[in-house]
Amino acid sequence: MSLDKDRLTLDELTITRGIVRTFMEDFLDSIDLDVAVVGAGPSGLTAARLLADEGMTVAVFERHLHIGGGIWGGGMLFPRIVVEEEAAALMSDVGIRLREWEDRTVIADAVEAATKMTAAAIDAGVRIFVGIEVEDVVVDDDNRVCGVVINWGAVPAAGLHVDPLGVRAKAVIDGTGHPCEIARVVLQKVPDASLDSDFDYVPGEGSMNVRAAEALLVPNTREVYPGLIVTGMAASATNKSYRMGAIFGGMLLSGQRAAELVAEIVAERG
Ligand code: 48F
């Protein structure tokens with residue numbers, strides 16, 4: 001079969017213009033946000049979706065080309081995740097099918113969980129930017145966090161020296177997982193940052209204790225510095241809590257708590 005060349009008006013510039021122009025339009029619509037979420041793991045995606053549901057402008061910046069963070073690998077590459085019943089609605093709400101399991105838990109397929117959480121966030125209006133990493137925060141004259149500093153994820157990977165760009169946001173969510181990268185930056189760079197009282201050590205979570213780690217996740221989800229909220233493993237790490245492995249209920253409930261806190265902050269600070 002050959003293509004009908006007379007009907008084919010497509011040329012290379014159609015593709016180039018289409019990609020560059022539509023990306024730039026969406027990008028320019030996302031430089032002055034209500035909320036910037038760093039990291040597209042389960043906690044960040046949940047927080048982003050719930051905030052977009054409230055009508056806020058939300059963008060997620062994810063360093064990698066894939067979204068879902070640690071969901072994909074399940075436990076030791078077995079692609080299943082375990083979720084406590086209390087958090088099951090946050091999955092079934094986005095169409096993830098759940099199997100009942102022991103000790104008031106349910107099991108989900110990791111691929112289904114990652115894709116449906118992502119799709120639901122997009123459907124709620126969240127803009128997800130992949131291949132973009134957050135390397136710093138923007139601060140106002142009172143040193144409150146009021147945005148993020150972004151660059152292509154490929155830039156540091158290639159060892160290039162390229163200046164970043166700044167994005168404004170009324171609140172920033174650190175959903176970067178175990179390394180709690182944004183909280184670390186603030187601790188290291190922002191004058192007088194102690195990240196809310198007792199936080200003067202190098203962050204990083206302790207060894208595994210599933211029950212304690214899960215129980216502490218929601219209380220550890222908090223505004224650690226004005227304008228900066230930690231969620232998921234970043235909340236665990238900044239509070240030097242425990243690791244928990246492939247159980248995800250706490251991640252989802254932490255994302256929900258982060259969304260509640262951010263909604264209060266945005267309402268209060270306008
Ligand atoms: O690690 P991750 O899935 O974070 P989470 O939401 O969930 C943790 C669980 O997946 C799992 C667990 C369950 O019990 O322990 O680990 O806390 O996702 C974090 C995402 O953030 C991206 C990273 O690539 C990953 O997709 N990320 C990390 N640092 C940056 C970043 C950064 N500086 N800029 C952009 N993205």
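Remember, it's 1-based here, ligands and their atoms both numbered in the order they're listed. Treat the numbers as computed from the prediction; the structure is a model and nothing was measured. Heads up: numbering here begins at 1 and tracks the sequence.
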_Tell me the protein heavy atom at minimum distance from atom 19 (C) of ligand 1, and give that distance in Å._
Gly175 O, 3.3 Å
*Asn239 versus Ser241, side-chain donor and acceptor atoms under 3.5 Å*: no
*Check each heavy atom of His178 against ligand 1 and say whether those closer than 4.0 Å belong to the side chain, the backbone, both or neither.*
side chain
*Hey, which of Glu133, Arg63, Glu135 is the one that makes side chain to side chain contact (heavy atoms under 4.5 Å, CB included) with Glu181?*
Arg63
_Closest candidate by heavy atom, reference atom 24 (O) of ligand 1, pool Arg243, Arg63, Glu62_ = Glu62
*asked:* Going by the closest heavy atom to atom 28 (C) of ligand 1, which one wins out of Val37, Ile150, Thr176?
replied: Thr176
_Which residue and heavy atom of the protein sit nearest atom 34 (N) of ligand 1, plus the separation_ = Val134 N, 3.0 Å
*Write out the residue and atom name of the closest protein heavy atom to atom 21 (O) of ligand 1, then the distance separating them to 0.1 Å.*
Gly39 CA, 3.2 Å
_Geometry only, no angles: is Ile132 polar-contacting ligand 1 at N/O separations under 3.5 Å?_
no
*Protein contact of atom 12 (C) of ligand 1 - nearest heavy atom, named by residue and atom, plus distance*: Gly245 O, 3.9 Å
_Applying a heavy-atom cut-off of 4.0 Å, say which part of Met233 lies close to ligand 1: side chain, backbone, both or neither._
both
*What do you reckon, does Met244 have a nitrogen or oxygen under 3.5 Å from a nitrogen or oxygen of ligand 1?*
no
*What part of Phe248, side chain from CB on, backbone N/CA/C/O, both or neither, has a heavy atom under 4.0 Å from ligand 1?*
side chain
*In the protein, which heavy atom is nearest to atom 18 (O) of ligand 1, and how far is it?*
Gly41 CA, 3.4 Å
*Of the backbone atoms (N, CA, C, O) and the side-chain heavy atoms from C-beta on, which set of Val38 has a member under 4.0 Å from an atom of ligand 1: side chain, backbone, both, or neither?*
side chain
*Are Asp109 and Arg80 close enough that some pair of their side-chain heavy atoms sits under 4.5 Å apart?*
yes
*Which atoms of ligand 1 are found less than 4.0 Å from any heavy atom of Gly177?*
1 (O), 4 (O), 17 (O), 19 (C)
*Could Glu260 and Arg257 be called an ion pair, given the rule that one side-chain N must be under 4.0 Å from one carboxylate O?*
yes
*Contact atoms of ligand 1, heavy-atom distance to Met251 under 4.0 Å*: 7 (O), 8 (C), 13 (C), 14 (O), 17 (O)
*Protein residue, atom and distance nearest to atom 5 (P) of ligand 1, heavy-atom basis*: Ser43 OG, 3.6 Å
*asked:* side-chain contact (heavy atoms from CB on, under 4.5 Å), that's the test. Do Trp152 and Ile132 meet it? Break it down for me.
replied: CA-CA 4 Å; Trp152 297 112; Ile132 293 185; 3.6 Å; yes
*Quick one: nearest non-hydrogen protein atom to atom 3 (O) of ligand 1, plus distance?*
Gly70 N, 2.7 Å
